[in-house]
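Since the structure comes first, as structure tokens, the remarks are kept for the end.
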Amino acid sequence: TAKVRLSQKRDQLLDPMRATRKVGVSISGKVQNEVLQDQDYICIFCGKTRPDVELQAHHIIPRSIIKKLELNEGLYTCRWNLVCTCLGCNQAKSDTLAAADIKFFIRHIESGFLEENRKLLPSLETLELFRQRSGD
């Protein structure tokens, strides 16, 4: 049935997450700095840079989805689930991941722009399929 297939897809989402260590929910300053530095201090969404804007690490798969799908909490703090964003874009995106966002991240990872986030690609592809089938 469709529910069984969706359940199997959800289980596939969990596989890459099992390798992540379970840690607290805050992102370390070191990891945040690595994200910003690796992406040349440029907001992934609007292209603004410092010192014009405050930059932050933004979660590709946000906490609400991690909790909703019961994914490993380690995904919340792992390096490859984060991208550089300005404060304004981060606040606007909040804790959401729309279908357009999933496609945006897949496109940027496949193009090599977000090479350091490549480990997240199978999860994003599965989330995209999950959203399509569930009508969410």
Side-chain angles (χ1 to χ4, degrees):
T1 68
K3 281 190 173 189
V4 171
R5 284 191 295 268
L6 283 176
S7 176
Q8 290 169 341
K9 290 294 179 186
R10 182 184 162 274
D11 290 344
Q12 289 173 4
L13 264 176
L14 295 174
D15 286 344
M17 309 316 164
R18 290 193 174 123
T20 62
R21 65 185 194 278
K22 187 167 173 111
V23 294
V25 293
S26 63
I27 304 165
S28 74
K30 179 183 177 201
V31 170
Q32 287 188 55
N33 288 334
E34 288 173 1
V35 170
L36 303 183
Q37 183 178 5
D38 287 349
Q39 296 176 16
D40 298 323
Y41 302 95
I42 301 171
C43 175
I44 186 78
F45 299 114
C46 70
K48 292 181 182 175
T49 63
R50 67 177 191 175
D52 298 333
V53 293
E54 179 183 337
L55 296 171
Q56 301 178 332
H58 171 78
H59 293 90
I60 295 173
I61 300 178
R63 178 181 242 167
S64 62
I65 293 176
I66 293 169
K67 285 185 173 190
K68 181 179 178 179
L69 296 178
E70 299 176 357
L71 303 175
N72 185 318
E73 280 287 322
L75 181 59
Y76 191 73
T77 57
C78 75
R79 165 69 191 85
W80 39 271
N81 188 34
L82 300 168
V83 291
C84 178
T85 62
C86 69
L87 176 63
C89 287
N90 196 12
Q91 289 176 339
K93 298 299 293 170
S94 185
D95 201 30
T96 62
L97 185 67
D101 298 329
I102 295 171
K103 289 177 183 175
F104 173 86
F105 287 119
I106 289 172
R107 188 173 60 252
H108 278 71
I109 292 170
E110 287 177 340
S111 73
F113 183 74
L114 294 175
E115 183 62 35
E116 64 275 5
N117 302 85
R118 185 155 291 283
K119 288 182 180 181
L120 200 57
L121 190 57
S123 298
L124 287 170
E125 290 169 338
T126 302
L127 269 173
E128 181 179 36
L129 184 60
F130 185 78
R131 280 186 168 279
Q132 289 171 355
R133 293 208 175 146
S134 67
D136 189 15

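Note that the structure is predicted; figures quoted are calculated from it, not measured.
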**Study point:** Side chains of R63 and I65 in contact at under 4.5 Å (non-hydrogen atoms)
**Key:** no
Check your understanding: What closest approach, in Å, do I102 and L124 show between heavy atoms, and which atom pair accounts for it?
Key -> CG2-O, 3.4 Å
Point to revise | Aromatic plane relationship, H59 with Y76 - under 30° parallel, 30 to 60° tilted, over 60° perpendicular | key: parallel
Check your understanding: Roughly how far, to the nearest 0.5 Å, is CG of L69 from CG of L75?
Key -> 10.5 Å
Review point. Which heavy atom of L55 sits nearest a heavy atom of Y41, and at what distance?
Key: CD1-O, 3.2 Å
Check your understanding: Does a side-chain heavy-atom distance below 4.5 Å link R118 with L121?
Key -> yes
Review point. Parallel, tilted or perpendicular: which fits the ring planes of F113 and H108, with parallel below 30° and perpendicular above 60°?
Key: perpendicular
Point to revise | From CD1 (I109) to CD (E125), nearest 0.5 Å | key: 8.5 Å
Point to revise | Heavy atoms from other residues, nucleotides or ligands near NZ of K93 exceed 12 (cutoff 6.0 Å) | key: yes
Review point. Are side-chain heavy atoms of H58 and I44 found at a separation under 4.5 Å?
Key: no
Practice item. Heavy atoms only: give me the nearest I61-L120 pair and the separation to one decimal. Key: CD1-CD1, 3.7 Å
Practice item. Establish whether V35 and I42 are linked, either directly or via other cluster members, by ILVMFWY side-chain heavy-atom contacts under 4.5 Å. Key: no
Study note, to complete from the structure: For I60 and P62, the nearest pair of non-hydrogen atoms, with its separation, is O-CD, 3.2 Å
Review point. Please walk me through it: do Q56 and Q91 pass side chain to side chain contact (heavy atoms under 4.5 Å, CB included)?
Key: CA-CA 10 Å; Q56 301 178 332; Q91 289 176 339; 5.6 Å; no
Exercise for review: Please report the C-alpha distance between E128 and I106 in whole Å, then the side-chain angles of each, then the deciding distance to 0.1 Å, and finally whether the side chain to side chain contact (heavy atoms under 4.5 Å, CB included) criterion is met.
Suggested key: CA-CA 9 Å; E128 181 179 36; I106 289 172; 3.5 Å; yes
**Study point:** Heavy-atom pair of closest approach, residues L36 and C84
**Key:** CD2-SG, 3.4 Å
Review point. Do R79 and D38 have side chains that get closer than 4.5 Å, going by heavy atoms?
Key: yes
Review point. Looking at N117 and W80, what are the two nearest heavy atoms and their distance?
Key: ND2-O, 3.0 Å
Review point. Rounded to the nearest 0.5 Å, how far does CG of L82 lie from CD of E116?
Key: 10.0 Å
Practice item. Examine distances only and state if a side-chain atom of N90 and a backbone atom of L87 form a donor-acceptor pair shorter than 3.5 Å. Key: no
